[in-house]
Student: 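Have a look at this one.
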Protein chains: 2
Amino acid sequence: MSLRHAILVLLQDQEASGYDLAREFANSIGLVWNATHQQIYLELGKLNEKDMVKFRHIPQDGKPDKKMYRITEEGRDELIRWLRKPAAPPRIRDAFMVKIAGGALSDPSSILRELEDQADLRRERLNTFEDLARKLDDRDSDKNMYTYLTLRRGILDQQAWLNWAEEVRSELRRREDLTTSV
Amino acid sequence: MSLRHAILVLLQDQEASGYDLAREFANSIGLVWNATHQQIYLELGKLNEKDMVKFRHIPQDGKPDKKMYRITEEGRDELIRWLRKPAAPPRIRDAFMVKIAGGALSDPSSILRELEDQADLRRERLNTFEDLARKLDDRDSDKNMYTYLTLRRGILDQQAWLNWAEEVRSELRRREDLTTSV
DNA sequence: TATTGCAGCGCAATCCGTTGAATAAGTAGT
DNA sequence: ACTACTTATTCAACGGATTGCGCTGCAATA
């Protein structure tokens with residue numbers, strides 16, 4: 001349960017509303033941890049109860065009021081504490097891979113079709129990450145270096161996925177040849 | 001919610017007890033979907049209520065009785081239905097990566113320490129997967145091809161991770177040089 | 001002999017996450 | 001004029017997942 005900590009990480013740099021955070025989750029941090037806006041609002045509520053964040057009401061004209069959250073001392077303490085203890089390895093839950101594992105049931109053509117859909121998604125992500133990495137101006141600043149490394153992680157991940165997809169294609173083709181020649 | 005389908009995939013090949021399944025989740029399928037024994041027993045119960053699996057009681061001497069589950073027609077239908085509709089892309093939730101993203105807070109040495117711990121884990125997995133891949137005898141059988149592809153996915157993933165770790169090391173070293181020379 | 005580990009199953013409580021919807025006012029497009 | 005999107009937050013309901021606990025009994029080890 002480190003949605004909490006992901007939020008605290010974001011709040012470190014700047015005061016932000018739930019809405020702001022949700023947008024950032026959709027981009028930057030979403031690369032390593034994703035969450036919907038409902039989850040974020042809920043978690044902000046809990047963090048507030050535990051005095052790890054506080055907010056001020058900002059009335060706006062035209063737009064609805066907003067709550068600008070900032071991290072407190074307790075919040076920072078909690079974050080530091082969390083950073084110190086080892087992180088559990090991420091648990092893997094990949095539905096598409098379950099399909100591959102049970103692939104002998106479906107026919108190869110439908111697998112290939114879905115493979116291409118997934119590959120499109122990965123290619124899209126790859127482009128996004130590469131764009132963002134290119135736009136990082138000063139790579140030597142502390143903050144940017146870590147953002148850069150995070151992006152690199154995403155890039156290498158997508159690339160590995162796409163390479164795997166290439167292997168799948170050629171294996172399935174090989175298989176086709178075998179069966180038609182028998 | 002495709003714990004259900006992962007179980008059905010496993011039950012396709014052989015009758016198995018909850019305990020057996022839990023062990024398989026810890027190995028083979030665990031590579032793409034992990035689950036604890038509690039979750040598995042619970043899900044087996046639900047699957048049974050929906051007549052997607054049935055079981056027979058096996059009394060054992062010494063050991064407690066066990067329930068050997070097998071898939072039913074309804075179960076197979078459900079599995080086929082599920083295979084046909086597109087899978088949602090996996091959501092990413094990597095606590096260690098959240099730490100990296102907020103890395104500017106911790107000192108580089110503690111990051112490196114945890115990096116090495118995680119790297120050990122990845123190397124271990126890599127070896128396991130490579131061993132399993134080597135042991136697949138007849139790569140041309142339908143079933144083994146898909147197992148092979150699943151393993152390849154895991155292998156490429158671990159390798160990508162380890163390459164990334166190499167990048168992190170050199171970036172952090174570079175950074176150290178910069179700060180000491182200033 | 002005490003402890004640990006493995007085989008085997010289960011319940012209860014709680015927490016996390018997802019889905020869907022409601023509200024409300026401005027702005028941009030056809 | 002109508003539609004759709006953006007900003008901004010919240011609630012309700014459900015189901016999935018996790019954590020912690022409980023049971024039995026054999027085998028091996030220290």
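Note on naming: letters A, B, ... go to the chains in the order of the sequence lines (proteins, then strands), and numbering restarts at 1 for each one. These figures come from a predicted structure and were not determined experimentally.
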Student: Hey, which sits more toward the 5' end of DNA chain C by its nearest nucleotide, B/Tyr41 or B/Arg91?
Tutor: B/Tyr41
Student: Would you mind reporting whether A/Thr147 and A/Leu132 have side-chain heavy atoms less than 4.5 Å apart?
Tutor: no
Student: Using whole Å, what does the distance between atom C1' of nucleotide D/dG16 and atom NE2 of B/His5 come to?
Tutor: 14 Å
Student: From CG of A/Leu21 over to P of D/dT10, roughly how many Å is that when rounded to an integer?
Tutor: 13 Å
Student: Round to the nearest Å and state the distance from A/Leu44 atom CG to D/dT9 atom C1'.
Tutor: 11 Å
Student: Within the pair A/Lys67 and D/dT10, is there a side-chain N or O less than 4.0 Å away from OP1 or OP2?
Tutor: yes
Student: Spell out, as yes or no, whether a donor-acceptor pair under 3.5 Å connects the side chain of A/Trp164 to the backbone of B/Gly154.
Tutor: no
Student: Please state how far atom CG in B/Asn34 lies from atom P in D/dG16, giving the value in whole angstrom units.
Tutor: 17 Å
Student: Rounded to whole Å, how long is the line connecting atom CZ of A/Arg56 with atom C1' of D/dA8?
Tutor: 16 Å
Student: Given atom CZ of A/Arg4 and atom P of C/dC15, what is their separation to the nearest angstrom?
Tutor: 11 Å
Student: So that I can tick it off, tell me whether B/Glu116 and B/Arg169 are bridged by a salt bridge, with the cut-off set at under 4.0 angstrom between side-chain N and carboxylate O.
Tutor: yes
Student: Is the base of D/dT10 touched by the side chain of A/His37 through a donor-acceptor pair closer than 3.5 angstrom?
Tutor: yes
Student: Among the candidates D/dA17, D/dT9, C/dG10, find the nucleotide nearest to the side-chain atoms of A/Ser17.
Tutor: D/dT9
Student: Tell me which nucleotide among D/dT9, C/dT18, C/dG8 gets nearest to the side chain of B/Lys66.
Tutor: C/dG8
Student: Are A/Lys46 and C/dC16 close enough that a side-chain N or O sits under 4.0 Å from OP1 or OP2?
Tutor: yes
Student: Tell me which nucleotide among D/dA8, D/dT10, C/dG8 gets nearest to the side chain of B/Tyr19.
Tutor: C/dG8
Student: What integer distance in Å separates A/Gln39:CD from D/dT9:P?
Tutor: 16 Å
Student: What integer distance in Å separates A/Gln38:CD from C/dA22:C1'?
Tutor: 12 Å
Student: Evaluate the side-chain proximity of A/Leu126 to A/Gln159: yes if any heavy-atom separation is below 4.5 Å, no if none is.
Tutor: yes
Student: Answer with yes or no whether the side chains of A/Ser17 and A/Asp20 bring together a donor and an acceptor at under 3.5 Å.
Tutor: yes
Student: Toward the 5' end of DNA chain C, which comes first, B/Arg23 or B/Leu42, by nearest nucleotide?
Tutor: B/Arg23
Student: Tell me whether the OP1 or OP2 atom of C/dC16 has a side-chain N or O from B/Arg93 closer than 4.0 Å.
Tutor: no
